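Below is one structure, written out as structure tokens, with a few remarks after it.
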Amino acid sequence: NEAYTAKRLCELGVDAVRIYPTVVFYDTELRDMAKCGEYTPIDNESAVERTKELLKIFDSHGVECIRVGLCASENLSSEDRVYGGANHSAIGELAMGEVYFDKMCRLIEKSDGVKGKNIIFYVSKGSTSKAVGQKRKNVERICKKYSPLSVKVLEKNEILGYNIMIDII
């Protein structure tokens with residue numbers, strides 16, 4: 001499976017990786033297999049979850065993921081070319097957001113409680129949108145799950161990768 005492959009790549013000492021959840025294109029053998037039921041394309045939700053796990057593996061081994069998903073500018077995502085599979089334009093951002101959400105929840109759960117308090121998460125430079133989540137999804141889920149007074153996400157230059165610091169005020 002992909003987790004085994006990710007771990008093996010780390011053991012082999014790769015510096016960087018790219019993750020491409022499978023997209024099924026028309027006029028391919030994989031499309032023929034999908035059409036007759038020999039292959040079931042992965043949906044976006046499953047692709048995000050599975051990619052999140054891969055990102056965690058690579059991050060824990062210091063391996064940079066330089067790309068997730070197909071490049072939209074290559075005209076590979078148009079509906080007339082894609083039969084099925086993981087084909088969200090921001091699949092990488094969604095998966096990275098899930099990594100941050102899991103880490104933020106773990107930090108909250110290690111704390112003495114955040115209900116009615118202000119939470120400030122500190123993330124690496126350029127990671128605010130991933131930590132906040134698309135359409136502020138992560139912030140909204142944290143508010144619903146833990147009932148803080150407020151949640152802010154700020155950047156700190158000294159933080160690297162998916163590392164997060166938390167202040168509870």
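Because the structure is predicted, anything quoted here is derived from the model rather than measured.
- A side chain to side chain contact (heavy atoms under 4.5 Å, CB included) with Phe121 holds for exactly one of Leu154, Val151, Asp167; it is Val151.
- Residue Glu29 qualifies as open at atom CD: its count of foreign heavy atoms under 6.0 Å is 12 or below.
- Put simply, Val23 and Leu30 are part of two different groups of oily side chains (I, L, V, M, F, W, Y) that touch within less than 4.5 Å, one to the next.
- When all heavy atoms of Val24 and Arg31 are compared, the pair lying nearest together is CG1-CA, 3.4 Å.
- Distance check, rounded to the nearest 0.5 Å: OG of Ser129 to CD of Gln134 gives 8.5 Å.
- Between Glu98 and Lys103 no salt bridge is recorded (no basic side-chain N to carboxylate O distance below 4.0 Å).
- Going from atom CG of Leu94 over to atom CD of Glu45 covers 10.5 Å, rounded to the nearest 0.5 Å.
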Next item on the list: Take Ile164 and Ile159 through the side-chain contact (heavy atoms from CB on, under 4.5 Å) test and state the conclusion after the steps.
Entry: CA-CA 7 Å; Ile164 301 174; Ile159 297 176; over 6 Å; no
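- For the residue pair Pro41 and Gly85, the shortest heavy atom distance occurs at CB-N, 3.5 Å.
- Of the possible donor and acceptor atoms, one in the side chain of Ser60 sits under 3.5 Å from a partner among the backbone N and O of Ile57.
- A donor-acceptor contact shorter than 3.5 Å is absent between the side chain of Ser150 and the backbone of Asn118.
- Criterion: ILVMFWY side-chain heavy atoms under 4.5 Å apart, direct or through other members. Under it, Val82 and Ile91 are not part of a common hydrophobic cluster.
- In plain terms, the two heavy atoms of Tyr100 and Gly161 that are nearest each other are OH-O, 3.3 Å.
- Ion pair Arg8/Glu11 flagged as a salt bridge, since at least one NZ, NE, NH1 or NH2 atom sits closer than 4.0 Å to an Asp/Glu carboxylate oxygen.
- A donor-acceptor pair under 3.5 Å links the side-chain atoms of Asn163 to the main chain of Leu160, judged by distance alone.
- In terms of heavy atoms, Ile168 sits closest to Val114 at CD1-CG1, 3.5 Å.
- With hydrogens and angles ignored, the 3.5 Å screen pairs a side-chain donor or acceptor of Asn44 with a backbone N or O of Asn87.
- In this structure, the side chains of Val17 and Glu64 stay at 4.5 Å or more apart for every pair of heavy atoms.
- Residues Ser127 and Glu155 bring no donor and acceptor atom of their side chains to less than 3.5 Å of each other.
- Of all non-hydrogen atoms in Gly69 and Tyr20, the two that sit nearest each other are O-CE2, 3.3 Å.
- Shortest non-hydrogen contact noted between Ala131 and Asn138 is O-ND2, 3.0 Å.
- Salt bridge Lys145/Glu140: absent, no basic N to carboxylate O contact under 4.0 Å.
- Side-chain contact between Leu55 and Tyr162 is present, with at least one heavy-atom pair separated by less than 4.5 Å.
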Check: Does the pair Glu93 and Val68 meet the rule for a side-chain contact (heavy atoms from CB on, under 4.5 Å), with working shown?
Finding: CA-CA 8 Å; Glu93 183 100 358; Val68 176; over 6 Å; no
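- For Asp112, the CG atom counts as loosely surrounded, since its 6.0 Å shell holds 12 or fewer non-hydrogen atoms of other residues, nucleotides or ligands.
- Residue Lys7 qualifies as open at atom NZ: its count of foreign heavy atoms under 6.0 Å is 12 or below.
- Classification of Glu2 and Arg50 as a salt-bridged pair holds, one side-chain N sitting under 4.0 Å from a carboxylate O.
- One distance of note links OG1 of Thr40 with CE of Met33; it measures 10.0 Å at 0.5 Å rounding.
- Connection of Met96 to Ile42 is not established within any shared hydrophobic cluster, with ILVMFWY side chains joined at heavy-atom distances below 4.5 Å, either directly or through further cluster members.
- We find that Asp27 and Arg81 are not joined by a salt bridge, their nearest charged nitrogen and carboxylate oxygen being 4.0 Å or further apart.
- The line from OG of Ser124 to NZ of Lys130 is 7.0 Å long, rounded to the nearest 0.5 Å.
- Formation of a donor-acceptor pair under 3.5 Å by the His88 side chain with backbone atoms of Ala90 is found in this model.
- Both Val132 and Phe101 belong to a single network of hydrophobic side chains, linked directly or stepwise wherever heavy atoms of I, L, V, M, F, W or Y lie under 4.5 Å apart.
- When side chains are defined from C-beta on, Pro148 does not count as touching Lys117, because their heavy atoms never get closer than 4.5 Å.
- Neither Ile119 nor Ile169 shares a network with the other; the hydrophobic side chains, linked directly or stepwise wherever heavy atoms of I, L, V, M, F, W or Y lie under 4.5 Å apart, form separate groups for each.
- Annotation: cation-pi pair Lys156/Tyr122 present, NZ/CZ under 6.0 Å from the ring centroid and within 45° of its normal.
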Next item on the list: Could you please spell out the steps behind the side-chain contact (heavy atoms from CB on, under 4.5 Å) verdict for Ile166 and Ile120?
Entry: CA-CA 6 Å; Ile166 188 173; Ile120 304 172; over 6 Å; no
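- At least one side-chain heavy atom of Ile19 sits under 4.5 Å from a side-chain heavy atom of Pro21.
- The aromatic ring centroids of Tyr83 and Phe25 lie 6.0 Å or more from each other.
- Between Ile142 and Ile108 there is a side-chain heavy-atom pair separated by less than 4.5 Å.
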